[in-house]
Amino acid sequence: MPELPEVETTRRGIEPFLLDQSILAIEVRQPRLRWPVDLPPNLAGSKVINVSRRGKYILITTHVGTLLIHLGMSGSLRVVSPQTPPKLHDHIDIKLTGDHWLRFNDPRRFGSFHFQKGDAHEHWLLKDLGVEPLENEFSGDYLFSSSRRRKVAVKNHIMDGKIVVGVGNIYAAESLFMAKIRPATAAQRVSRLAYENLAQAIRMILARAIKVGGTTLRDFVGSDGQPGYFSQSLNVYGREGQPCRECSSTLKGQILGQRSTVYCPSCQTFSGWR
DNA sequence: CTAAATACCTGATGGC
DNA sequence: TGCCATCAGGTATTTA
């Protein structure tokens with residue numbers, strides 16, 4: 001599923017086919033996504049001037065405004081040749097000059113398309129988002145100071161998009177393993193030093209995943225192939241009951257905030273003070 | 001303000 | 001083999 005690294009990989013993959021091209025038409029075959037898709041007619045005829053990302057949103061900016069695309073859990077964007085017949089769950093086509101169509105597929109329809117005139121960052125979906133984990137504002141200090149009143153598990157804290165964007169269930173579990181922190185620890189009890197380690201771990205893991213992200217979604221124009229680049233580097237996620245790669249202890253599963261998590265009871269010992 | 005629960009959706013998986 | 005229940009997962013929204 002698309003995590004921040006895959007969204008970024010998608011962005012990089014589609015950018016060359018969009019930049020400086022004009023939108024000829026948009027065909028919405030299934031408007032019932034997370035929110036009903038309702039795009040202005042004047043997008044047709046507009047020219048793409050920027051392709052960026054905020055959190056897990058892909059922003060396609062034209063001279064009339066910005067298209068905000070979220071891939072949800074199962075969404076994907078592919079570049080296809082014009083007139084390629086749509087397959088199951090191919091919900092939206094953006095037909096471009098340059099002989100390419102951008103095609104959105106999303107079986108579970110948790111994804112979304114929005115349009116915002118003017119500054120996209122003022123859109124209600126973006127305006128309250130937390131910091132980008134790979135930008136400078138994100139740090140151990142930031143995690144520390146933003147968690148002083150928070151009793152939720154530290155795992156939930158770093159998964160909160162109002163705090164920091166892009167850290168999903170997988171990366172949260174992996175980062176906590178790398179930082180040797182027990183996922184259930186109350187956020188407000190995690191020390192500054194531990195948050196420093198955690199911020200470092202999040203950065204490192206996301207950056208590494210982006211680096212290999214190209215593997216997952218290698219060529220957007222060609223066929224798919226989706227063997228997880230990632231699965232092999234997972235230390236805890238999805239490995240409940242299996243031996244820790246570091247110490248061979250049996251990895252434990254737990255439910256935190258309705259989300260399953262896995263950790264090593266012997267490596268991840270940090271659980272706050274007292 | 002924080003936090004926990006709920007809703008959205010389909011495909012994969014496990015139990016019988 | 002078929003069918004039903006369960007789970008997965010991001011995040012806005014509702015409820016406490």
Side-chain angles (χ1 to χ4, degrees), chain A residues 1-11 28-38 53-59 68-77 86-92 104-114 116 121-133 143-176 183-190 202 206 209 216 224 226-228 230-231 234 236-241 253-262:
Chain A
M1 71 232 48
E3 300 273 346
L4 186 145
E6 285 193 30
V7 174
E8 175 60 20
T9 303
T10 296
R11 188 197 70 72
V28 180
R29 283 178 289 270
Q30 170 57 280
R32 295 180 49 204
L33 303 184
R34 169 107 203 237
W35 288 278
V37 177
D38 183 24
R53 180 187 60 76
R54 174 74 174 104
K56 291 178 186 169
Y57 290 87
I58 288 174
L59 311 183
L68 289 72
I69 302 175
H70 198 291
L71 302 179
M73 305 271 323
S74 58
S76 63
L77 287 169
K87 297 194 175 119
L88 187 63
H89 305 310
D90 280 345
H91 303 314
I92 297 176
F104 175 74
N105 178 287
D106 187 5
R108 293 180 209 177
R109 290 168 28 212
F110 273 23
S112 65
F113 273 61
H114 284 89
Q116 170 78 10
H121 296 277
E122 288 173 13
H123 192 273
W124 60 280
L125 283 166
L126 303 188
K127 68 182 173 54
D128 294 323
L129 287 182
V131 306
E132 289 284 335
L143 284 181
F144 180 79
S145 58
S146 61
S147 62
R148 289 311 80 198
R149 289 172 211 289
R150 306 212 66 192
K151 299 183 194 301
V152 290
V154 59
K155 173 158 179 277
N156 299 332
H157 186 63
I158 60 175
M159 286 178 67
D160 185 341
K162 305 251 182 299
I163 304 295
V164 54
V165 296
V167 183
N169 205 30
I170 298 173
Y171 292 114
E174 294 299 316
S175 303
L176 288 161
T185 311
Q188 61 181 354
R189 290 169 54 88
V190 174
I202 290 171
L206 289 179
T216 320
D224 202 344
Q226 174 97 49
F230 202 61
S231 45
L234 291 178
V236 288
Y237 181 82
R239 297 192 66 239
E240 177 179 356
Q254 187 179 20
I255 303 290
L256 290 176
Q258 321 281 87
R259 282 281 115 81
S260 75
T261 194
V262 183

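Here is how names work: the chains are called A, B, and so on, in the same order as the sequence lines, proteins then strands, and each is numbered from 1.
When heavy atoms are screened at a 4.0 angstrom cut-off, A:R259 is found touching base atoms of the nucleic acid. Within the nucleic acid shown, A:G161 has no heavy atom closer than 4.0 Å to any nucleic acid atom. If you check every strand for non-hydrogen atoms under 4.0 Å, A:L125 touches sugar and phosphate atoms only.
Out of C:dT11, C:dA12, B:dA3, the shortest distance to the side chain of A:K151 is found at B:dA3. Of the candidate nucleotides C:dA12, C:dG10, B:dT10, C:dG10 has the atom nearest to the side chain of A:M73.
Rounded to whole Å, atom C1' of B:dA12 lies 15 Å from atom CG of A:L88. For the pair A:D160 CG and C:dT13 P, the computed distance is 14 Å after rounding to whole Å. Computed from coordinates, the A:D106 CG to B:dC8 C1' distance equals 11 Å when rounded to whole Å. Between the P atom of B:dG14 and the CD atom of A:E240 lies a distance of 14 Å, rounded to the nearest Å. Straight-line distance from the CE atom of A:M159 to the P atom of C:dT11: 9 Å, rounded to whole Å. Atom C1' of nucleotide C:dT11 and atom CZ of A:R54 are separated by 14 Å, given to the nearest angstrom. Atom P of nucleotide C:dA12 and atom CD of A:Q258 are separated by 17 Å, given to the nearest angstrom. Rounded to whole angstrom, the span from the CG atom of A:N156 across to the P atom of B:dA4 amounts to 8 Å.
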For this session: Before giving the answer on side-chain hydrogen bond (donor to acceptor under 3.5 Å, both in side chains), spell out for A:S74 and A:H89 the whole-Å C-alpha distance, their side-chain angles and the decisive distance to 0.1 Å.
Result: CA-CA 10 Å; A:S74 58; A:H89 305 310; over 6 Å; no
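Contact annotation: A:K162 side-chain N/O to C:dT11 OP1/OP2 distance is not under 4.0 Å. At C:dA12, one or more side-chain N or O atoms of A:Y57 fall inside 4.0 Å of OP1 or OP2 (strictly under the cut-off). Remark: A:H70 is not in phosphate contact with C:dA12, judged by side-chain N or O atoms under 4.0 Å from OP1 or OP2. Of the side-chain N and O atoms in A:R108, none sit less than 4.0 angstrom from OP1 or OP2 of B:dG11. Residue A:R32 places at least one side-chain N or O closer than 4.0 Å to OP1 or OP2 of B:dC9.
Of the options A:L71, A:D90, A:V37, a side-chain contact (heavy atoms from CB on, under 4.5 Å) to A:F104 is made by A:L71 and by none of the others.
For the pair A:F110 and C:dT11, the ring geometry does not qualify as stacking, because the centroid separation below 5.5 Å and plane angle under 30° are not jointly satisfied.
Remark: A:H123 engages A:H114 in a ring-ring contact (aromatic ring centres under 6.0 Å, His included) (not counting sequence neighbours). Listed by chain and number, the residues in a ring-ring contact (aromatic ring centres under 6.0 Å, His included) with A:H70 are A:Y57 (sequence neighbours excluded).
Under a 4.0 Å N-O distance rule, the pair A:E132/A:R53 qualifies as a salt bridge.
Where A:L33 and A:G257 each meet DNA chain B at their nearest nucleotide, the meeting point lying more 5' is that of A:G257.
Side-chain contact between A:V154 and A:L176 is present, with heavy atoms from C-beta onward closer than 4.5 Å.
Scanning atom types as modelled, one donor and one acceptor separated by under 3.5 angstrom connect the side chain of A:R34 and the base of C:dT11.
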